[in-house]
Structures are given as structure tokens and as C-alpha cells.
Amino acid sequence: MYKVTIENKVIETDENLSVDDLVKNNFTNIKPVAAKINGALVDMSEIINKDSSIELINSSDEQGLEIIRHTCAHVFGHAIKQLYPDTKMVIGPTIDNGFYYDIYAKESISEKDLASIESLMKKLAKKNYKIIREVVTKKRAQSVFRERKEDYKLKLIEDITDNEVIAIYHHEEYIDMCRGPHLTSTRELNYFKLMKISGSYWKGDSNNEQLQRIYGTAWDTKDNLKAYLHKLEEAEKRDHRKIGQKLDLFHFQEESPGMVFWHDNGWKIFNIVKDFITSYLRNYNYKIINTPQILDKSLWKKSGHLDKFSDLIFDVSSENKEYAIKPMSCPGHIQVYNQGLKSYRDLPLKFAEFGIVHRNEPSGTLHGLMRIRAFTQDDAHIFCTPGQIENEIKILIKTIYDIYKQFGFHEIKVELSTRPEKRVGSEEIWDKSEDALKKALDSSNIEWQLNNGDGAFYGPKIDFSLKDSLERVWQLGTIQLDFSMPTRLNANYVDENGDKVAPVMIHRAILGSLERFVGILIEEYAGDLPLWLSPTHVVVMNISENQEVHCQKLSKKLNNMGIISIPDLRNEKISYKIREHSMKRVPYLVVIGDKEVESNQISLRTRTGDDLGVMDVDKFVKMVETLVESKSVVLKN
RNA sequence: GCCACCUUAGCUCAGUUGGCCAGAGCAGGGGUUUUGUAAACCUCAGGUCGUCAGUUCGAAUCUGACAGGUGGCUCCA
């Protein structure tokens, strides 16, 4: 007899009773998918062998969903082995909203095949077969998977230490290895869908063999599955590439892959963002400079870039000289720093540049504005003494947060990357600088994650990332410490003792790539940019020919008052014009008929269809000014 | 770069198992209409079906190479 506390009840149980039996015997209407016995996550089939406190995991719980997804991956394995018996199973973990399974198969699986795999999965799941957990020794696991010719599972078993528990799960004739827990039958597995297929590599290393990865999603209810698929559809509508075309912001074409052709509207947004950053630079004592696009390769050799990143550098030659198109601005900035002798009293010295850099990124990595081959960085380099690092970093973190907030971003992912295996500089310097970054982060009162070993070869860094509409994470801001390049490129200053020493260099970008940032902005707002970022504020439309002159005058007047205005005097019905400009997401639409001319007022509505009524021009101007000034996301106050 | 898929008019898309001059809507031109808050009407024009080869009596449709793109993987100073 064991005493079990479960669902606020204390129950005495017989020996050899599973959690599943216990629940069935004592409760109706609950169908947990797993349980925690004294805090340890277990299958429902787990036998209770001591006095316990049991917590039930339901399918709608986060952990419950994960179990459903994990089991769904197994059922995928079950199906794929029936359809393609020679397939070797690799790994099938859960991810946000679903799971994937990496497989090695001679046949190449295409998206068209997913339907048949999925329908077999459905058929298997419908059988409500029992999923049986078996705890095995390492030896037994090896013999099971050797017999099944699961080469990759065997490799995985090798990595398991002897004192770890190995469990295998029987899905009829299919066997998979997993820590668990899993569903005890396919009964709870009804709402799933195979989504897409892609290549992947064994152990994530592109030198290893190519695997095929199938992605799926799985949910506890039909509604949740539907809602998820609907959410994806909605997210796709926010795609900056689609909106960019619809709103006439930019385009790409194959003669210049990965490089943007900015149109008038898009370039206006770009420049609003750029001007905003410029005003910040002035307030923080940056010197705004500009350095050449093309520099002799010898400089890139000296800086270390050529050895490390030659694949990504575009090069040109002229008159027997070899040049590189700059992939970053830092060597150029050091050349500016090196002009004239610097004293410790000059530091910190901050050089900023909206540097246009070219990087020959692999074709498969290009992605709209987010990953391109030519982009503009809001790049700056702070030359300072070691003692100034922490304070400068603190200022930067604060500024980055402040600027992101003004654009309406709040969910920022922050990562500290520490020393990589291949690096330059002494351990002492790395200790100190990592410590300085940590201290600055902690005192900034923000959440951050450690990304061990992912720093640059010349120093540790802090990265700031935002998500796009499909939750893909893109890095924007970065703060990187560099102890190498100043020395390599002979930068120095005279310290208090009269000695020449190398300054510390802080590479930092706030928005990162302006192109990427504009892409993120478009997706965040689905094209409905806040007023202050809108390429056009207002369209002035006439009802008929009578008001033509008045409209032209009014539009000019608004422009002169700092409100970006265009007239629309076409011979079209007013509803036609309204529809068109609404779809172009122009924030304000002004309608001028005889009545408005008469009273010298405007009739105003917003792109979202709100009627703001008739008002005086001055009142409208004041309203726009206030909203632009406050960087408001709404269109009325 | 790797794996899978996609590429038809300015845009969004049809085009059945290869078969008469390749279709539609929107956009564009020309007309009519002078219009009151999300699409007026008529009419005209527009495409070597991504490129280049091949198979075939015949290719948008089949095959191959290349280019660009999409989704991932790897990478991302």
C-alpha cells in the first residue's frame, strides 16, 4: 500500500499500479498525457512504487504539448519506415509549435510526398495502438538498433554515459529511442500536419553527410491546430518582401542578387531612420566620418580580414593593384584615428559612419532585406582606455534600448558571446573584458543569455536581436570589444606616463544594417508604419475639377509646413481614390469638395477608415506635428 | 554553398494526359463620365511562358545545364 497525493486527494494504492490505472480508477473526465511523480516527469504507464505526490500533465499544458509533439515525431518515424523501409532515423526533437525529424534516405523526399506520409500517420494514429516503454541496458539498445540497421541511433547511443537511463519505445513494429515521456497510446494524437522539408547535416556540420529534415506541427485540439495555421497565413501577409512590392518601396532583380533597388517611398523611410540615428550621434559626441569603399588588399591582410573572410570579400583590380570592396568599416576608421597623435585626454574618441559594406554571402543565405550582399551599417568605433570600457558599454546598452523603444520594439533578445577556441589576446585580457561586459549587462537590469564560445576572434561581444513576422530572429545591434585590430593597424595613444599604448576599440552598431532594420519595421507594423516613419503623411484629393487649384495650393502649403503631402487630382470618383490610397497605407486622406473650399477646411479620414470629420488646416497641422514628435503609433489625439 | 520546391503580361494567378493564333482580373493607353468617403462604364494594347540546349511531326507542358527566387541547413566580421 502506498499513500499517493493526487489532484488534492490522498489515495491509498495497491502495489504494481500505474499512474494511468490510478487515474482511471479514481477520476472521470480527465485524460492526462503524462505525470510528475515527486517532481520527476514520467509516462502514464509508470508504476507507482512508493508513497508519492503526483502532478498530472494535461495535453493543453506546455509540457503536455511537448509530449504530444514528441510522440508525433515517433509516429512519423513509424510511417516513414513503412513507406521507405531503408530509411535511417537520426534525431526527432520537438521545437516551437511542433517537431522535426532528420532522416537519412536514399530516396529524396519532396514536399509532394508529405501528403502520403501524413495520411499514413493519420491511419496509424487512428488505430489507437499502445505505445510501450521499455527501459533497457546500453547493450540491449545497441543490439536492437544494430538489428534495425539504425546506424545513427547507434552513434547516439555511444554518446550516452553508462549511468544514464536508456528507454526505447515500441510503436507496433517500429522502435525509437527516447528519454520520454510519451503518450501511452496514439489516442491523443489527432491534430498534426507535416509542414515542410529541408536539408540538414549530421551533427549540424556542413562537412558531414546531408540529411533530410521533415518539419511537422502537432496540437492538442483541432481549434489550436487551425489557429496556428491561420496565424502562419497572417504572418505571411506581413512579409516585408510582399509589402515592399505592394507599397512600392524597393525591388530586387537578378542582375544584382542580394542588393536592393530602393524606390522613392522606401528610400524615404530609410532616410528617416538614418536621420533619426544621426541626431542621436550628434547628441553623444560622435564624429561622423566617411571612408572609401575600396581599399588596397594589403590593408585587409594586415587587419586580418583577408585571411579569415576572403570568401566573403568582393575584389577588384586596377593597374596591377589588388583591391577589396570593404566588408566592414573598422580598418578605415583606424586610418582616421591614426591621423595625428592622440593623448589619453582625447579618449574616448568615437567615429561613426553609415558605412556601405559589401559581403559576398552564399546565395542560399540571402533573404529579402534581412540578409543581403550590400548594406548600410550604422557603424561606429569607440577608441578608449581599458578603464573606460564598462562605462561606455553601459551607455551603449541604455541607448540601444532607448532607441529600439522609440521604434516600438520591446522584445529584445540579448546575448553575451564569450571567447572562442580560435582567438587572439591573453587570457587576462579576455577575463577582464568578459567581466566588463557582464557587469555592464547586470547593472543595466535586462535579461540576457550567455552564448559560450561564440565571440569574435578579437574579443567578446553582446548582440541584440529582434524577430520578424515568422519569428525568425535577426541580429541588429552589436557591441564588440577588440584588442587586436588597433595593434595590428598601429593605433596608439600617449598615456599618463608618456608611453605609447594601443587603445581598446569597441565596435558597435545599434540598428546594425539599416536595410534589415527597415525590413523588420515593415513586418512589425505590417506596412502601417507609425506616422513619423511614413514616406507620405497625407494625400489631398479633390471631388471634382472645381477644387483642383485649391487642392494644389493646400498640398504645397502642407509641404511647406513640414507635412509630407501629395495631391491626387485625377479624374476619378472619390471612393476610388480613397480605396487606392488606403491600400497604399497613406496615413491621412484629405477630401476637398466645394464645401471645404468654401469654409477653408479639410475633411479628414485615416488609412484604417476612421472618419476624423471636418477641421481647420491649422488644427490638422498641429495634430500631425504632435504625433510625429511623439513618434506615436496612432493617428489621432 | 547544400537539400527540396518555384519561375506564364507591370502585379496576382488560370492553362487538364505535349496538339488550332497562350487566358482572366487588376494596373496601363484612348474615350465617355465631373463624381462626397474602400473599385463608374466602353474600348484598345500588352507575353519567344526565367535563359540556353535537347527529345518530338509538334514543347509553357518532357529531359538536362545554368540563372534568379522560396523554405530550411550551414554560415553570418
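Proteins get letters first, then strands, A, B, ... in listed order; numbering begins at 1 in each.
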Check nucleotides 48-51 of chain B for protein N or O atoms closer than 3.5 Å to its own N or O atoms and list the pairs.
none

Listed pairs, N/O of protein and of nucleotides 7-9 of chain B, under 3.5 Å:
none

Distances under 3.5 Å only, N/O to N/O: pair up the protein atoms with those of nucleotides 26-31 of chain B.
{"from": "B:A27", "atom 1": "OP1", "to": "A:Tyr576", "atom 2": "OH", "distance (Å)": "3.2"}

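Enclosure of atom NZ in A:Lys155 by more than 12 non-hydrogen atoms of other residues, nucleotides or ligands within 6.0 angstrom is indicated. Under a cut-off of 6.0 angstrom, the local environment of CZ in A:Phe354 is crowded, with over 12 non-hydrogen atoms contributed by other residues, nucleotides or ligands. More than 12 heavy atoms of other residues, nucleotides or ligands sit less than 6.0 Å from atom CD of A:Gln253.
Counting to the nearest Å, the P atom of B:C3 and the CG atom of A:Asn208 are 15 Å from each other. Between the CD1 atom of A:Ile372 and the P atom of B:U70 there is a distance of 12 Å, rounded to whole Å. Rounded to whole Å, atom C1' of B:G68 lies 13 Å from atom CZ of A:Phe261. Taking atom CG of A:Asn546 as the reference point, atom P of B:U34 lies 12 Å away to the nearest angstrom.
A heavy-atom distance below 4.5 Å is not found between the side chains of A:Met541 and A:Ser555. Between A:Leu604 and A:Val614 the shortest side-chain heavy-atom distance does not fall below 4.5 Å. Using a 4.5 Å cut-off on side-chain heavy atoms (C-beta onward), A:Thr478 and A:His507 make no contact.
Here, B:C62 and B:U43 have their P atoms 37 Å apart, quoted to the whole Å. One C1' atom belongs to B:U51, the other to B:G68, and the distance between them is 10 Å to the nearest Å. For the C1' atoms, the distance from B:A53 to B:G47 is 22 Å, rounded to whole Å. Between the P atoms of B:G69 and B:U8, the separation comes to 14 Å (whole Å). B:A22 sits 30 Å from B:C5 when the P atoms are compared, rounded to a whole Å. Comparing the C1' positions of B:G46 and B:C11 gives an interatomic distance of 13 Å, to the nearest angstrom. Atom name P, nucleotides B:G25 and B:C21: the rounded distance is 23 Å, in whole Å. Taking atom C1' in both B:G18 and B:G54, one finds a spacing of 15 Å when rounded to whole Å.
Remark: RNA chain B takes part in the stems B:1-7 with B:67-73, B:10-13 with B:23-26, B:28-32 with B:40-44, B:50-54 with B:62-66, each of 3 or more antiparallel Watson-Crick or G-U pairs, criterion distances under 3.5 Å.
Taking the ring centroids of A:Tyr228 and A:Trp219, they lie under the 6.0 Å cut-off. Taking the ring centroids of A:His263 and A:Phe250, they lie at or beyond the 6.0 Å cut-off.
If you check every strand for non-hydrogen atoms under 4.0 Å, A:Asn207 touches nothing. At a threshold of 4.0 angstrom between heavy atoms, the contacts of A:Gln212 with the nucleic acid are absent. Contact annotation for A:Lys595: base contact, defined as any heavy-atom pair under 4.0 Å involving a base atom. Residue A:Leu366 is in sugar-phosphate contact alone, with no base atom involved, counting any heavy-atom pair closer than 4.0 Å across all strands shown. In this structure, A:Met541 reaches neither bases nor backbone, as no heavy-atom distance under 4.0 Å exists between it and the strands shown. Contact annotation for A:Gln547: no contact, since no heavy-atom pair falls under 4.0 Å across all strands.
Taking every heavy atom of residues 597-611 of chain A and every atom of RNA chain B, pairs under 4.0 Å involve A:Ser603, A:Arg605, A:Arg607, by number. The stretch residues 109-117 of chain A touches RNA chain B through A:Ile109, A:Ser110, A:Glu111, each having a heavy atom under 4.0 angstrom from the strand. Near RNA chain B, meaning a heavy atom under 4.0 Å from it, residues 241-249 of chain A has A:Arg241, A:Gln245 in order of number.
Across B:U34, B:G68, B:U37, the shortest atom-to-atom separation from the side chain of A:Pro257 is found for B:G68.
For the residue pair A:Lys326 and A:Thr291, a side-chain donor N or O sits within less than 3.5 Å of a side-chain acceptor on the partner. At a cut-off of 3.5 Å, with distance as the only test, no side-chain donor of A:Gln377 or A:Ser329 sits close to an acceptor on the other residue. With no hydrogens or angles considered, a side-chain donor-acceptor pair links A:Asp616 and A:Gln601 at under 3.5 Å. Side-chain polar atoms of A:Ser200 and A:Asp102 form a donor-acceptor pair below 3.5 angstrom.
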Discussion item. For a ring-ring contact (aromatic ring centres under 6.0 Å, His included) check, start with the C-alpha distance between A:Phe409 and A:Phe517, then their side-chain angles and the critical distance, and finish with the verdict.
Written reply: CA-CA 11 Å; A:Phe409 297 114; A:Phe517 189 74; 5.8 Å; yes

Item to complete: Please assess A:Asp239 against A:Lys237 for the test salt bridge (Lys or Arg N to Asp or Glu O under 4.0 Å), listing each intermediate value before the final yes or no.
Response: CA-CA 5 Å; A:Asp239 189 318; A:Lys237 288 184 196 156; over 6 Å; no

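Scored by the ring-ring contact (aromatic ring centres under 6.0 Å, His included) test, A:Trp202 finds A:Tyr152 as partners (sequence neighbours excluded). With sequence neighbours excluded, the residues satisfying side-chain hydrogen bond (donor to acceptor under 3.5 Å, both in side chains) with A:Tyr458 are A:Gln480. A search for ring-ring contact (aromatic ring centres under 6.0 Å, His included) contacts involving A:Tyr100 returns A:Tyr215, not counting sequence neighbours. Partners of A:His550 under the ring-ring contact (aromatic ring centres under 6.0 Å, His included) rule, at least two apart in sequence or in another chain, do not exist in this structure.
Taking only side-chain nitrogens and oxygens, A:Ser575 never comes nearer than 4.0 Å to OP1 or OP2 of B:G36.
Note on ring orientation: taking the six-membered ring where Trp is involved, the planes of A:Tyr588 and A:Phe620 are perpendicular (angle over 60°, cut-offs 30° and 60°). Relative orientation of the A:His333 and A:Phe351 rings is perpendicular, given thresholds of 30° and 60° on the angle between their planes.
A salt bridge links A:Asp463 and A:Lys461; the closest N-O separation between the charged side-chain nitrogens and carboxylate oxygens is under 4.0 Å.
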Worksheet item: When every nucleotide of nucleotides 72-77 of chain B is labelled 5' to 3' by its protein contacts under 4.0 Å (heavy atoms), B for base, S for sugar-phosphate only, - for none, what sequence of letters results?
Response: BBBBBB

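Under a cutoff of 6.0 Å and an axis angle of 45°, A:Lys350 and A:Tyr286 form a cation-pi pair.
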